[in-house]
Structure formats: C-alpha cells, structure tokens
Asks: 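Encoded as structure tokens, here's the structure I'll be asking about.
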Amino acid sequence: LFNGIKLRSFMFEFDLAPRDRTEALEIKRIIRQLKSNMAPTTSDLHNESGGNLTKGLFLKSPNIFQLKYKKGSRPHPFLNLFKKMALVDIGVNYTGSGTYMTYADGTPVHTKLSLAFQELDPVYREDYNDVMDNDKAPVGY
C-alpha cells in the first residue's frame, strides 16, 4: 500500500494588467527576477594566483523559495504551510486576453504568469507536531 514518498507540487497563476508605466516596469522586473532566480549559476575555476582558468565549469543550484500565504501582513491563520521549494517552471503568456495588444511602448496590455513550484523535502508526520495542538495555527502542510 505504501509506495514511497512524493514531493508536492504547486501551481500558481497570476493575471497582470499594468495601468501605467510604473506598473509595467514592475511586472517586467518580477518576471525577470523569477526567471533569474530559477536558473542555476555557474562558478569559475581559479588557479593558485587567483586568475580564472575555466569559466562556467561548475554549476550551482538555483535559488530556493519559501512561500507563505498571508492575511494582511501576518501569516494566514487557516491555509496550508509550505516547505522550501524550487521554481521548476515559469510560463508567461503575453496575450492574456487572447489577443496580442500592447501599449504604445510595446508593453503587453494583459499578461498571464504561471509558476510551478516543487517542494524539496517531503512532508512527514513529525512536521505537524507544532500545529496539532495550536488552534491558532493553520491546517498544516
């Protein structure tokens, strides 16, 4: 009956429709930051004198994310908790309304952003120890 542990995956979708240039630039920054933080980084191999021998020979892990549901500025009192996650896929649909439309500067009028995260650690029964007897804690993981 028990076939092993599975890592949980979560999908989030956002509709982004900038109303002015400031919002358009912020959307661009958000997309760029998400794409950048999900990519691995390269490291250089240095020689004894500190010079670079080989650029990009080794890869480092992408950044990890710690997501939290919020209710105002506080953690949400009911919704589930997340373990640390990796952003494994990002989808950007620049025709969010089904038609390609842009403002005069080329900024899309409506963009849909899809994010796929996967937890790095499985959820164990012991993870619930802190939330089981606390009525103010969320439902758990």
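Note: hydrogens, waters and symmetry copies are ignored here, and every other heavy atom, side chains too, is used.
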Asks: Taking side-chain contact (heavy atoms from CB on, under 4.5 Å) as the test, write out the residues that go with A39, two or more places apart.
Replies: none
Asks: Using a 3.5 Å distance criterion without hydrogens, assess whether the side chain of Y103 forms a donor-acceptor pair with backbone atoms of P18.
Replies: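 Checked: pair present.
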Asks: Suppose clustering is done on Ile, Leu, Val, Met, Phe, Trp and Tyr with side-chain heavy atoms closer than 4.5 Å. Which residues sit in the same group as Y100?
Replies: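 Grouped by the 4.5 Å side-chain rule, Y100 forms a cluster of one, so the answer is none.
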Asks: With sequence neighbours excluded, what pairs up with T95 under the side-chain hydrogen bond (donor to acceptor under 3.5 Å, both in side chains) test?
Replies: N93
Asks: Please name the pair of heavy atoms, one in P122 and one in L7, separated by the smallest distance, quoted to 0.1 Å.
Replies: N-CD2, 3.4 Å
Asks: State which residues pass side-chain contact (heavy atoms from CB on, under 4.5 Å) with D20; sequence neighbours excluded, sorted by chain then number.
Replies: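 side-chain contact (heavy atoms from CB on, under 4.5 Å) check on D20 returns T22, E23.
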Asks: According to a hydrophobic-cluster definition based on side-chain heavy atoms being under 4.5 Å apart (Ile, Leu, Val, Met, Phe, Trp, Tyr only), do F10 and L34 belong together?
Replies: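 Same hydrophobic cluster.
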Asks: With D121, which residues qualify under side-chain contact (heavy atoms from CB on, under 4.5 Å), at least two apart?
Replies: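 Expected list: K83.
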Asks: Please go through L25's hydrophobic cluster and name the other residues, only I, L, V, M, F, W, Y counting, with side-chain heavy atoms under 4.5 Å joining them.
Replies: none
Asks: Do L79 and L115 belong to the same hydrophobic cluster, where Ile, Leu, Val, Met, Phe, Trp and Tyr are linked whenever their side-chain heavy atoms lie under 4.5 Å apart, directly or via other members?
Replies: yes
Asks: Only pairs under 3.5 Å count here: list side-chain donor-acceptor contacts from residues 57-71, not counting sequence neighbours, and write none if there are none.
Replies:
{"from": "N63", "atom 1": "ND2", "to": "N37", "atom 2": "OD1", "distance (Å)": "2.3"}
{"from": "Q66", "atom 1": "NE2", "to": "F82", "atom 2": "O", "distance (Å)": "3.0"}
{"from": "K70", "atom 1": "NZ", "to": "S73", "atom 2": "O", "distance (Å)": "3.2"}

Asks: Could you list the residues that satisfy side-chain contact (heavy atoms from CB on, under 4.5 Å) with V92, not counting sequence neighbours?
Replies: I31, K35, I90, Y94, T111, L113
Asks: V88: which other cluster members, linking ILVMFWY side chains closer than 4.5 Å, directly or transitively?
Replies: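 V88 clusters with nothing; isolated.
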Asks: Let me check something: do V123 and L81 share a hydrophobic cluster, defined by ILVMFWY side-chain heavy atoms less than 4.5 Å apart, either directly or through other members?
Replies: yes
Asks: Hey, could you give me the CZ/CG distance between R125 and D127, rounded to the nearest 0.5 Å?
Replies: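 One finds 11.5 Å between CZ of R125 and CG of D127.
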Asks: Are any side-chain N or O atoms of R8 and backbone N or O atoms of Y141, one a donor and one an acceptor, separated by less than 3.5 Å?
Replies: yes
Asks: For S9, what residues pass the side-chain hydrogen bond (donor to acceptor under 3.5 Å, both in side chains) criterion, not counting sequence neighbours?
Replies: none
Asks: Ignoring hydrogens, what is the shortest heavy-atom contact between L87 and A116? Give both atom names and the distance.
Replies: CD1-O, 3.4 Å
Asks: State which residues pass side-chain hydrogen bond (donor to acceptor under 3.5 Å, both in side chains) with R29; sequence neighbours excluded, sorted by chain then number.
Replies: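 R29 satisfies side-chain hydrogen bond (donor to acceptor under 3.5 Å, both in side chains) with E26 once adjacent residues are dropped.
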Asks: Give, for atom NZ of K112 and atom CD of E13, the distance between the pair rounded to the nearest 0.5 Å.
Replies: 7.5 Å
Asks: For residues 89-98, pull every pair meeting salt bridge (charged side-chain N to carboxylate O under 4.0 Å, His left out), keeping only residues two or more places apart or in separate chains.
Replies: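 Not a single pair qualifies under salt bridge (charged side-chain N to carboxylate O under 4.0 Å, His left out).
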Asks: Transitively linked via ILVMFWY side-chain contacts under 4.5 Å: F14 with V109?
Replies: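 In one cluster: no.
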Asks: Are more than 12 heavy atoms, taken from residues, nucleotides or ligands other than F12, located less than 6.0 Å from that residue's CZ atom?
Replies: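 For F12, atom CZ is crowded (more than 12 foreign heavy atoms under 6.0 Å).
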